[in-house]
There are 2 protein chains.
Amino acid sequence: METKAQALEIAKTQLQLRGYNGFSFQDIANELGIKKASLHYYFSSKEDLGLALIEDYAAAFQQWADKLAELSPYEKIEKYILMFYSFAQDNLKICPAGVFCVDFNALPVRMQKSITELQDTQRRWLEKALIRGIKDGDFKKSLKAKDTANLLIAACQGGLQLARFQDNCRVMKSTCQTLLDLLTDI
Amino acid sequence: METKAQALEIAKTQLQLRGYNGFSFQDIANELGIKKASLHYYFSSKEDLGLALIEDYAAAFQQWADKLAELSPYEKIEKYILMFYSFAQDNLKICPAGVFCVDFNALPVRMQKSITELQDTQRRWLEKALIRGIKDGDFKKSLKAKDTANLLIAACQGGLQLARFQDNCRVMKSTCQTLLDLLTDI
DNA sequence: GTCTATATATAGATAGAC
DNA sequence: GTCTATCTATATATAGAC
């Protein structure tokens, strides 16, 4: 399964650097040093590869979230932002959701479903942390958890795009920090 | 110039619905009822079309901004959000910058420059409005104009993506309204 | 300005040998 | 598992007729 895992890693990088239509089996094969036809042994179609990518991201998020179970709501939100920031730090990558959103209407239905599911999972995770955080006083009492979760996601995804345009990953961090300050009572 | 303008309109719609690599000369030609080869009379290459698209957006923004000269800083920001919201209302379109950001690394250099220029223009416009708005008390005194401008752009672009995923344009509006409330002292 | 015809490149995908 | 060879579809792009 070594080759399959390697192929997935390469695909993930390409996806976040050049978009879903911005890389091909050929690109992955080149980097892997095999022929593109060989890749069909692991992924019968590009849709198949696309689904594997999304599942991989979903599994990684689940694993990541499990590790943070003991942290405070505020710390969880901080870590969430840092997870996205680590994308920007790595060659100004943007997030997979931002990538798939663009050609969403042109994607196979199964991929559309898988992506929205992943987004829903993340939004619910944020919302849950925010509900407790608002109650505990980590965040402003006046906030609505649902709207705030959406705003956080938007700031992260939008922040990554700003970083790429401005060729400076710190822009993403300061943008999200500005929001974080606004969410806490000062 | 009628046909050229029509082609640009179709391209703009396709761009915001399916991404830059998500439509072809063929698609435009079909909708226009001509042959794809004929389009090369107006746009010698897809890069040429891409540049025309960006210039078109830039001109539209300039025109839009000029009309708002008399408004208060707060009203300007409100209008800025509404401009993006009108994208979401129209078949859950996302913004051109969000589209081009994804395949940015795969785009011709001239397009990259043109896009970042457009983004810079919008950011400077926001920043200028915010500097006055913060001074006038429209917005919180503690805000930094530059960071706030970035946060607003991120919320708009990210909000459009959320709307598409959640298949609900109002999500974009409530997300930005949540931010707007945070930016004003309440 | 628009057409037909064609060139060229590349994508995703399959068949079958090794 | 990986290869060669091949198929089909589609993209951008050009030449030249009308």
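Quick caveat, the model's predicted, so the values are computed rather than measured. Each chain gets a letter, A, B and so on, in the order the sequences are listed, and its residues count up from 1. The figures that follow rest on heavy atoms only: side chains count, while hydrogens, waters and symmetry mates do not.
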Tell me, which pairs form a salt bridge (Lys or Arg N to Asp or Glu O under 4.0 Å) where one or both residues lie in [range], sequence neighbours left out?
range: residues 100-122 of chain B; result: Glu47(B)-Arg110(B), Asp120(B)-Arg123(B)
range: residues 25-46 of chain B; result: none
range: residues 78-94 of chain B; result: Asp90(B)-Lys93(B)

For this session: Give the intermediate values and the outcome of ring-ring contact (aromatic ring centres under 6.0 Å, His included) for residues Phe104(A) and Phe100(A).
Result: CA-CA 6 Å; Phe104(A) 192 75; Phe100(A) 285 123; 9.0 Å; no
Exercise. By a strict heavy-atom criterion of less than 4.0 Å, which residues belonging to residues 35-53 of chain B are in contact with DNA chain D?
Worked result: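 By residue number: Lys36(B), Ala37(B), His40(B), Ser44(B), Ser45(B), Lys46(B).
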Exercise. Which residues, if any, of residues 103-111 of chain A bring a heavy atom under 4.0 Å of DNA chain D?
Worked result: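 Listed by number, there are none.
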Could you list the donor-acceptor pairs under 3.5 angstrom formed by side chains in residues 144-153 of chain A, with sequence neighbours left out?
unit_1, atom_1, unit_2, atom_2, d
Thr148(A), OG1, Lys144(A), O, 2.7
Asn150(A), OD1, Gln166(B), NE2, 3.0

For this session: For Asp48(B), check salt bridge (charged side-chain N to carboxylate O under 4.0 Å, His left out) against everything at least two apart and list the hits.
Result: none
Exercise. Can you name the salt bridge (charged side-chain N to carboxylate O under 4.0 Å, His left out) partners of Arg132(B), sequence neighbours left out?
Worked result: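 Arg132(B) satisfies salt bridge (charged side-chain N to carboxylate O under 4.0 Å, His left out) with Asp136(B) only.
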Distance-only criterion, 3.5 Å: show the donor-acceptor pairs between side-chain atoms of residues 66-74 of chain B and protein atoms not counting sequence neighbours.
unit_1, atom_1, unit_2, atom_2, d
Ser72(B), OG, Glu75(B), N, 3.2
Ser72(B), OG, Glu75(B), OE1, 3.2

Problem set entry | Opening and closing nucleotides of DNA chain C in contact with chain A, under 4.0 Å to non-hydrogen atoms |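 Contact boundaries, 5' end first: dA11(C) to dT14(C).
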Sequence neighbours excluded and cut-off under 3.5 Å, please list the side-chain donor-acceptor pairs for residues 2-14 of chain B, or say none.
unit_1, atom_1, unit_2, atom_2, d
Lys12(B), NZ, Asp56(B), OD2, 2.9
Thr13(B), OG1, Glu9(B), O, 3.3

Problem set entry | Inter- and intrachain pairs under side chain to side chain donor-acceptor pair (under 3.5 Å), touching residues 168-178 of chain B, at least two apart |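 Every pair satisfying side chain to side chain donor-acceptor pair (under 3.5 Å) with a residue in residues 168-178 of chain B: Gln177(B)-Asp181(B).
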